[in-house]
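First up is the structure itself, then whatever we jot down about it.
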Amino acid sequence: MSDTETRDFIRQIIHEDLESGKHDEIVTRFPPEPNGYLHIGHVMSICLNFGVTVETSGRTFLRFDDTNPAREDEEFVNAIERDVRWLGFDWQDRLTHASDYFAQIYAAAESLIEQGLAYVESLSAEEMREYRGTLTTPGKNSPYRDRSVEENMDLFRRMRAGEFADGEHVLRAKIDMESPNMNLRDPALYRIRHVSHQNTGDTWCIYPMYDFAHTMSDAFEGITHSLCTLEFRDHRPLYNWFLEQLQPEHLPRQIEFSRLNLAFTITSKRKLKALIDDGVVSSWTDPRMPTIAGMRRRGYPPAALREFVKRAGVTRKDKLIEMGMLENCIRESLGDSVERRMAVLRPLKVVLTNYPEDQVEQMQGMNHPNNPDRGTRSLPFSRELWIERDDFMEDAPRKFFRLQPGGDVRLRSAYIISCDEVIKNDAGEVIELRCSYDPDTRSGTGSSERKVKGTIHWVSAAHAIDAEVRLYDRLFTVVNPNLADDYREVLNNASLETVQAKLEPALATLDQDTTVQFERLGYFRPDSEDDTANARVFNRVVTLRDSWAKLEKQAMQGM
RNA sequence: UGGGGCGUAGCCAAGCGGUAAGGCAUCGGGUUUUGAUCCCGUGUACCGCAGGUUCGAAUCCUGCCGCCCCAGCCA
């Protein structure tokens, strides 16, 4: 951390606790429920929880909050572990589950009953809701609230023994049905679920609720700072109530921070799942998904994600961060590190009429323009080439400095060419350009002082390899799709465009886990699921910044 | 209409009583065989509003306004 950086409020608290001697070591936890894939919002929590302990030589637990066997699955725990590791964090031997503590949590529940602080409720769920009152009217006590300790204990043990059906009874904390804080209106502690659990099998048929299980798990693990999102602020009095009543050896402190929302995306597991179920995206790992797995497949580097959440900061204010912020982090992290290649996404044929029919020259392309030490690669050059359709305009505006009839342009790492003739089909579409090249302008020879304003990329037609390239755009058309009543109404139907591209030959053997920049286009990476050696499939990670596109857009708006 | 949280430039965000850091975006300019990168420069932010305390307030007090969260036997 440099001098100019300041600590967020949570890190301030943590450092105060270390300096005051309140704690010798910081212990945190990342507690996902294994009922879906991790997304960009979780990246924030992961980086915070693991970040503060790498910074202070503390410890962080990866703890699965598996208290609801009805909706949790092994597929998700594997995905979560992979995602956290990929992001760059290590829990070492601290992989735990709330279910590891079921016996202790159960004992804590009996202790509450003994103290007269919990009772077995026999009202139905609907009745409980009626007794609970509303936001503005107090609730009223259940007729079962004053059962004796003995009766409660007996009933609870029989709940555990499996004598009752799902929903017949529930264990509740006895706090205050008139509390303005709904969480304190005798919250449920245990419910009956005759469902087998992925870790504990059929050992239990009663499962603890989140508030109880989470607080006790924090205490058992010796968590010093239990960091969670703002919607749990109202749960804190309950969290502290458990700690006060049960007096565990370690007393964790809950601190809340605001969630991170990304513009034009959703971060709700339920809605993300709907996208999959409705066939809008292919899976949790679809490169358009804001899931960690999706972003990994798309080609976002983990360091970029870490930098992104660092820039977003940790506060208590609602955030809706611009896509540009994330994209910029990705470009920054890829720009210096990744090699350049050439690829033509929407090919237009160019024939160099003054270039010998069967000649092939090997041009040398710099692997990185800002770093000559990274060497060069051979780029075969011949009479027929592919260039980008967008790099040619028949009626070009004055500021367009690519190719146009009668105009010239530099072919990157090769020659300057001039456009002599435009060939069209019967429909009037441009299908080929007849150009001539200037032999004195070969790249790197310095034999010509000739300068042109534009440089475009190209690929030799005879040497190009074919590939599928997938171009991604945002999934939604509105800045905050979370607000839409029905997400289907705000879907971007053009979030995926697939093109058949022409690639320079060196790309045929690119490692599947290597990202490259296609010059002038953006960063690309082989798709980890669909790419094969014989049929290459690339994903566009992110485009390059494009001030020409910006000018064009402004011109359009001015019209 | 109950309780809780939050309001500093387009988006984030420092600031913790002494007279508004920084990042991203924007807009200029320079370098450039990627309209990329890189390098310079660029913001009168009525610090949500209104009062008050103070020599002095974004920072303290009071009132108001706006946004978000809470009525699962979900987490």
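Here is how names work: the chains are called A, B, and so on, in the same order as the sequence lines, proteins then strands, and each is numbered from 1. Since the model is a prediction, treat every value here as computed from it, not as a measurement.
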Tabulate protein N/O versus nucleotide N/O from nucleotides 18-20 of chain B, keeping only pairs under 3.5 Å, one per line.
none

Discussion item. Using a 3.5 Å limit on both distances, find every run of at least three consecutive Watson-Crick or G-U pairs that involves RNA chain B.
Written reply: B:2-7 with B:65-70, B:10-12 with B:22-24, B:27-30 with B:38-41, B:48-52 with B:60-64
Discussion item. Looking at A:Lys310, I'd like to know whether one of its side-chain N or O atoms comes within less than 4.0 Å of OP1 or OP2 on B:A13.
Written reply: no
Worksheet item: Rounded to whole angstrom units, what separation is found between the CG atom of A:Asp8 and the P atom of B:C16?
Response: 16 Å
Worksheet item: Excluding sequence neighbours, so at least two apart, what forms salt bridge (charged side-chain N to carboxylate O under 4.0 Å, His left out) with A:Arg341?
Response: A:Glu339
Item to complete: Calculate the interatomic distance between A:Leu260 atom CG and B:C68 atom P; express it in whole Å.
Response: 18 Å
Worksheet entry | Lys/Arg-Asp/Glu bridge criterion (N-O < 4.0 Å) met for A:Arg450, A:Asp438 | yes
Discussion item. Once you measure the plane-to-plane angle for A:Trp458 and A:Phe381, does it fall in the parallel (<30°), tilted (30-60°) or perpendicular (>60°) bin?
Written reply: perpendicular
Practice prompt. Please measure how far the P atom in B:G51 lies from the corresponding atom in B:A71, and state the result in whole Å.
Written response: 39 Å
Fill in: Rounded P spacing from B:A14 to B:U26 in Å
23 Å
Worksheet entry | Distance (rounded to the nearest 0.5 Å) between A:His214 NE2 and A:Tyr239 OH | 6.5 Å
Practice prompt. Respond yes when some side-chain nitrogen or oxygen of A:Gln12 is under 4.0 Å from OP1 or OP2 of B:G15, and no when none is.
Written response: yes
Fill in: Sidechain N-carboxylate O distance under 4.0 Å for A:Arg145, A:Asp186
yes
Worksheet entry | P atoms of B:A21 and B:A45, separation to the nearest Å | 11 Å
Fill in: d(CG, A:Asp176; C1', B:G3) in whole Å
12 Å
Item to complete: Using a 4.0 Å heavy-atom cut-off, write out nucleotides 70-75 of chain B from 5' to 3' as B (base contacted by protein), S (sugar-phosphate only) or - (no contact).
Response: BBSBBB
Practice prompt. Grab the CD-C1' distance between A:Gln254 and B:G5 for me, whole Å please.
Written response: 13 Å
Worksheet item: Roughly how far, to the nearest 0.5 Å, is NE2 of A:His197 from OG of A:Ser99?
Response: 4.5 Å
Discussion item. Closer than 3.5 angstrom, by distance alone: can the side chain of A:Asn183 be matched with the main-chain N or O of A:Leu238 as a donor-acceptor pair?
Written reply: no
Response to the item:
Between CZ of A:Arg185 and C1' of B:G4 the distance, given in whole Å, is 14 Å
Worksheet item: How far, in whole Å, is B:G52 from B:C70 if one measures between their P atoms?
Response: 39 Å
Practice prompt. With A:Asn482 as reference, evaluate A:Val478, A:Val479, A:Asn480 under the side-chain contact (heavy atoms from CB on, under 4.5 Å) test and give the passing residue.
Written response: A:Asn480
Item to complete: Report yes or no: is there a donor-acceptor pair, N or O only, under 3.5 Å between the side chain of A:Glu322 and the base of B:G10?
Response: yes
Can you tabulate the close N/O pairs, meaning under 3.5 Å, that link protein atoms to atoms of nucleotides 6-8 of chain B?
{"unit_1": "B:C6", "atom_1": "OP1", "unit_2": "A:Arg316", "atom_2": "NE", "d": "3.1"}
{"unit_1": "B:U8", "atom_1": "OP2", "unit_2": "A:Lys317", "atom_2": "NZ", "d": "2.7"}

Discussion item. Please tell me whether A:His42 and A:Tyr37 form a close aromatic pair, meaning their ring centres lie under 6.0 Å apart.
Written reply: no
Worksheet item: For the residue pair A:Tyr144 and A:Tyr119, is the inter-centroid distance of their aromatic rings smaller than 6.0 Å?
Response: no
Worksheet item: Do any N or O atoms from the side chain of A:Arg377 and from the backbone of A:Met366 form a donor-acceptor pair under 3.5 angstrom?
Response: yes
Discussion item. I'd like to know if A:Lys140 pairs up with A:Glu130 as an ion pair, taking the criterion as any Lys NZ or Arg NE/NH1/NH2 lying under 4.0 Å from an Asp or Glu carboxylate oxygen.
Written reply: no
Worksheet item: Does the cation-pi check pass for A:Arg160 over A:Tyr106, that is, NZ or CZ under 6.0 Å from the six-membered ring centre and within 45° of its axis?
Response: yes
Practice prompt. Verify the ring-centre separation between A:Phe220 and A:Tyr101: is it less than 6.0 angstrom?
Written response: yes
Item to complete: Let me have a per-nucleotide readout for nucleotides 33-42 of chain B, 5' to 3', with B, S or -, counting only protein heavy atoms under 4.0 Å.
Response: BBBBB-----
Practice prompt. For the pair A:Arg63 and A:Asp218, find out whether any cationic side-chain nitrogen is under 4.0 Å from an anionic carboxylate oxygen.
Written response: yes
